[in-house]
*Asks:* 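The structure under discussion is supplied below as structure tokens; questions concerning it will follow.
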Amino acid sequence: MASQRTSWNVQSSTMAQSAHNPIRQIVDKLKLDPQATKSFISLSVGDPTIFGNFNIDDSANEAVIRQLKTFKHNGYPPAHGTVDARNAVASMITTPEAPVTADDVLLANGCSGALDMCVNVLGNPGQNILLPRPGFSLYGSLAEIRSLKAKYYNLLPEENWQIDLTQMESLIDEKTCAILVNNPSNPCGSVYSQEHLKAILAVAAKHHVPIIADEIYCDLVFKGNTFYPMASLTTEVPVLSVGGLAKKWLVPGWRVGWIVIHDRNDIFKASVREGLLNLSQVILGPNSVIQAALQDILHNTPQQFYQDTIDQLEKNTKLSMDAVSKIPGLKPVQPQGAMYMMVGIDVAKFKDIASDVEFSQKLLAEESVLCLPGECFTYPNFIRIVITPTVDRLEEAYKRMDDFCTRHLK
Ligand SMILES: Cc1ncc(COP(=O)(O)O)c(C=O)c1O
């Protein structure tokens, strides 16, 4: 039928309408007092570069500059990444227990792009996906945009944020397309033991559900903890492991992420591998210059750089635990890695603070300190503190939080 339109009426699609970042929506409600005299301190953004105290190693910068000067990397790279770049990832990730080659690697636009492809390749509208609560908000957004039901499994703060496996198992049904596990965790800062990871894998194996392992914080673990790649602990469960340069190498803006396909029983062979390749071809993967420098970045960054990053994170964590555990009404949970600390708020102790969102709103308005409320991670009565700011900023922020909490106590 010919168009009957007589005027303009252009709306965003239902897909666009379902796309949202819950953090943005909540943060938009938090307002800095325009009359504030105190300097603004943000403990809210998971970008380690913003304060200037966490920098990529200079050798990585030099590697990028060297590649730029060859004039050889200005064209379109293959959609899922150059062989050399995929090789660089594979040779870093491969272990005797979970061997992989460049054929098992796809590069993506950051770890977010990798997660997007993983959710896309495994989930059909009407199915469901198991996600951690508390967890990184992108997971829920990715599920929602493709009409996948997000089913949340509980993490237990009193058990270092281990998964409540009984509750998780009770969520699995015929329509469950994947279990997403984030280790080390944003927002919890938890690092799972080998035993716990094996117990999660046992549930996945029992119900034949693949795992998406978000390992973007791999190796960022503090003394006494070890990072175990999930895929190294199973011969049975197929795992799509995702990572990237954003956190361990401290360059989120370079937008390089990857998917590593661990599939020793060829369960993904029938269609998931091809599906991932198809998806990668819709929009080409990351920047060609960084791909060219990837071998140097991943394999020639001096060991000291990694150690310095962890030392600084660990020092900031200790300072944060010491300071926040003395603040009345607040109860921090000891982080074991990553860049975050979850802090419980005992709302019953405060005369005029009824929720985590109200806590964050008032703290920002009165003290110019911003922390994300737990609601951003589907976890009320907690706030998340990012522990990457400089020591002087952290100390000042905790002093103001102490004043704030003392003032609002019953
Ligand atoms: C758990 C987790 N996964 C994935 C990402 C996204 O990483 P990228 O910046 O590489 O897209 C983040 C970023 O903060 C994260 O915290």
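These numbers were taken from a predicted model, which means no experiment stands behind them. Counting starts at 1 for both ligands and their atoms, following the listed order. Numbering of residues begins at 1 and proceeds along the displayed sequence.
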*Asks:* Could you tell me if any non-hydrogen atom of Cys111 lies under 4.0 Å from any atom of ligand 1?
*Replies:*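 Within the 4.0 Å threshold, so yes.
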
*Asks:* Among all the protein's non-hydrogen atoms, which is closest to atom 5 (C) of ligand 1, and how far away is it?
*Replies:* Phe136 CE2, 3.4 Å

*Asks:* Which ligand 1 atoms, with their elements, are less than 4.0 angstrom from a heavy-atom of Asn182?
*Replies:* 1 (C)

*Asks:* Any donor-acceptor pair under 3.5 Å linking the side-chain atoms of His299 with those of Ser91?
*Replies:* yes

*Asks:* Who's the nearest protein heavy-atom neighbour of atom 3 (N) of ligand 1, and how far?
*Replies:* Asp214 OD2, 2.6 Å

*Asks:* Within 45 degrees of the axis of the six-membered ring of Phe404 and under 6.0 Å from its centre: does Lys362 put its NZ or CZ there?
*Replies:*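 So Lys362 doesn't make the cation-pi contact.
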
*Asks:* Within the structure, does Tyr139 bring an N/O atom to less than 3.5 angstrom of an N/O atom in ligand 1?
*Replies:*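 It does not: no N or O of Tyr139 is found under 3.5 Å from an N or O of ligand 1.
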
*Asks:* Please work out which of the three classes, parallel, tilted or perpendicular, describes the rings of Phe136 and Tyr139, given edges at 30° and 60°.
*Replies:*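 Answer is perpendicular, since the angle exceeds 60°.
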
*Asks:* Could you say whether the N/O atoms of Lys247 and ligand 1 ever approach to under 3.5 Å?
*Replies:*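 Lys247 vs ligand 1: N/O contact under 3.5 Å present.
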
*Asks:* Between ligand 1 and Pro252, is the shortest N or O to N or O distance under 3.5 Å?
*Replies:*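 N/O-N/O distance under 3.5 Å: no.
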
*Asks:* Short list, please: which atoms of ligand 1 are under 4.0 Å from a heavy atom of Ala246?
*Replies:* 9 (O), 10 (O)

*Asks:* Are Ser368 and Arg400 close enough, and set up right, to give a side-chain contact (heavy atoms from CB on, under 4.5 Å), and what steps lead you there?
*Replies:* CA-CA 9 Å; Ser368 303; Arg400 292 190 208 168; 3.9 Å; yes

*Asks:* Considering only non-hydrogen protein atoms, determine which one is nearest to atom 11 (O) of ligand 1 and report residue, atom name and distance to 0.1 Å.
*Replies:* Ser112 OG, 2.5 Å

*Asks:* Identify, with sequence neighbours excluded, every residue that meets salt bridge (Lys or Arg N to Asp or Glu O under 4.0 Å) alongside Asp173.
*Replies:*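 Partners of Asp173 under the salt bridge (Lys or Arg N to Asp or Glu O under 4.0 Å) test: Lys151.
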
*Asks:* Judged by non-hydrogen atoms, does Trp258 sit under 4.0 Å from ligand 1?
*Replies:*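 No.
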
*Asks:* Taking atom types as modelled, is there a side-chain donor on Asn154 or Arg133 under 3.5 Å from an acceptor on the other?
*Replies:* yes

*Asks:* Can you tell me the protein heavy atom closest to atom 9 (O) of ligand 1 and the distance?
*Replies:*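 Nearest neighbour among protein heavy atoms for atom 9 (O) of ligand 1, to 0.1 Å: Arg255 NH1, 2.9 Å.
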
*Asks:* Scan side-chain atoms only and decide if Ser232 and Glu97 contain a donor-acceptor pair under the 3.5 Å cut-off.
*Replies:*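 There is no such pair between these side chains.
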
*Asks:* Near Gly110, which atoms of ligand 1 are under 4.0 Å from a heavy atom of that residue?
*Replies:*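 Answer, ordered by atom number: 10 (O), 11 (O).
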
*Asks:* Between Arg273, Arg264, Arg86, Lys269, which is the residue that forms a salt bridge (charged side-chain N to carboxylate O under 4.0 Å, His left out) with Asp104?
*Replies:* Arg273

*Asks:* Among Asn186, Leu372, Leu43, find the one that has a side-chain contact (heavy atoms from CB on, under 4.5 Å) with Tyr340.
*Replies:* Asn186

*Asks:* Under 3.5 Å, N or O to N or O, is Tyr340 touching ligand 1 that way?
*Replies:*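 Not met; the criterion fails.
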
